[in-house]
Amino acid sequence: MLHKLVRVGTGGDARDVPDVIDGIADDGWAGAFTRARSEVERVWADDEKLDRMVTLPWATLPGRDALEAYTHEFTAHSWDLAHATRRLAEPDPDLAARALEAFSKFAPPEDRSEQGPFSPVVVVPDDADIYTRLAAYLGRRP
């Protein structure tokens, strides 16, 4: 996702960046993430880019909206990674609430299928924590 943000921030199309990357350097994923994050910060330091239209895999929209969308993606995937690696530290519930609100607008349940990026909503108890509700809304089975 960080490489896609760099691409659109420099005027390119995020669809040109592969979804999966190979060949991570010897310092591993932490080093690769740090370098990519630094590049995103460098590319997006110009506030004028926030209002420029950018092309993402699913839409063309203002840069600020692209950054917000990818922030919500990171929030959702933090749950995925925490559960996959059994590192169940308590993430920021405010980020999950914001992501759930945003996904509710641009990924409504009636537009879902098993073939899309979001599976149908999974039912969870009303008292489930916000990350469990976010994961379930996106079709994950908490």
Side-chain angles (χ1 to χ4, degrees), residues 1-25 28-142:
M1 285 186 272
L2 294 173
H3 294 287
K4 289 178 186 291
L5 281 172
V6 168
R7 178 65 55 96
V8 299
T10 57
D13 186 329
R15 294 173 291 196
D16 295 337
V17 177
D19 291 331
V20 177
I21 58 172
D22 295 315
I24 299 302
W29 287 102
F33 184 88
T34 298
R35 285 187 301 280
R37 188 190 73 205
S38 294
E39 188 66 5
V40 168
E41 290 171 353
R42 184 190 66 73
V43 166
W44 285 93
D46 180 357
D47 286 346
E48 289 183 19
K49 290 183 179 181
L50 298 176
D51 294 318
R52 192 180 78 220
M53 298 302 284
V54 299
T55 302
L56 302 176
W58 66 90
T60 298
L61 55 153
R64 72 180 65 251
D65 294 342
L67 291 172
E68 180 181 359
Y70 276 114
T71 297
H72 300 318
E73 284 264 336
F74 272 112
T75 300
H77 290 307
S78 69
W79 182 91
D80 297 331
L81 286 170
H83 283 267
T85 61
R86 302 200 187 284
R87 295 180 181 193
L88 302 176
E90 183 61 33
D92 185 336
D94 184 50
L95 287 175
R98 289 178 187 204
L100 182 56
E101 180 181 345
F103 280 118
S104 298
K105 292 176 185 169
F106 70 82
E110 58 271 13
D111 292 346
R112 310 280 188 86
S113 73
E114 292 296 336
Q115 285 72 42
F118 305 112
S119 296
V121 174
V122 173
V123 177
V124 293
D126 291 339
D127 63 347
D129 69 81
I130 189 67
Y131 271 88
T132 298
R133 289 184 303 182
L134 173 61
Y137 184 81
L138 297 175
R140 282 129 171 104
R141 299 191 179 281

Contact check, side chains of [X] and [Y], non-hydrogen atoms, under 4.5 Å:
X: L134; Y: R140; value: no
X: Y70; Y: L56; value: yes
X: V124; Y: Y137; value: no

What are the two closest heavy atoms between [X] and [Y], and how far apart are they?
X: Y131; Y: A96; answer: CE1-CB, 3.3 Å
X: I21; Y: H3; answer: CD1-NE2, 4.1 Å
X: A76; Y: L138; answer: CB-CD1, 3.5 Å
X: A97; Y: I130; answer: N-CG1, 3.6 Å

I'd like to check the side chain to side chain contact (heavy atoms under 4.5 Å, CB included) partners of V40; sequence neighbours left out, ordered by chain and number.
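Once residues adjacent in sequence are excluded, the partners of V40 under the side chain to side chain contact (heavy atoms under 4.5 Å, CB included) criterion are L2, L5, V6, W44.
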How would you list, by chain and number, every residue that makes a side chain to side chain contact (heavy atoms under 4.5 Å, CB included) with A32, sequence neighbours excluded?
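Partners of A32 under the side chain to side chain contact (heavy atoms under 4.5 Å, CB included) test: I24, R35.
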For [X], all residues meeting side-chain hydrogen bond (donor to acceptor under 3.5 Å, both in side chains), sequence neighbours excluded:
X: D13; result: R15
X: T132; result: D129
X: H77; result: E73, D80
X: D126; result: none

Partners passing salt bridge (charged side-chain N to carboxylate O under 4.0 Å, His left out) against [X] (at least two apart in sequence or in another chain):
X: D22; answer: none
X: R133; answer: none
X: E41; answer: R37

Distance from D65 atom CG to M53 atom CE, nearest 0.5 Å?
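Reported to 0.5 Å precision, the distance equals 8.0 Å.
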When you look at CZ of R98, are more than 12 heavy atoms from neighbouring residues, nucleotides or ligands closer to it than 6.0 Å?
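Atom CZ in R98 is not crowded, with 12 or fewer foreign heavy atoms closer than 6.0 Å.
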Evaluate the side chain to side chain contact (heavy atoms under 4.5 Å, CB included) criterion for residues V43 and R7: first the C-alpha distance (whole Å), next the side-chain angles of each, then the deciding distance (0.1 Å), finally the verdict.
CA-CA 9 Å; V43 166; R7 178 65 55 96; over 6 Å; no
All ring-ring contact (aromatic ring centres under 6.0 Å, His included) counterparts of F103, not counting sequence neighbours
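Testing F103 for ring-ring contact (aromatic ring centres under 6.0 Å, His included), a comparison that skips the adjacent residues, returns F106, F118.
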Among pairs that include at least one residue of residues 43-58, which meet salt bridge (Lys or Arg N to Asp or Glu O under 4.0 Å), considering only residues two or more places apart or in two chains?
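Applying salt bridge (Lys or Arg N to Asp or Glu O under 4.0 Å) to every pair that reaches into residues 43-58, excluding sequence neighbours, yields D51-R64.
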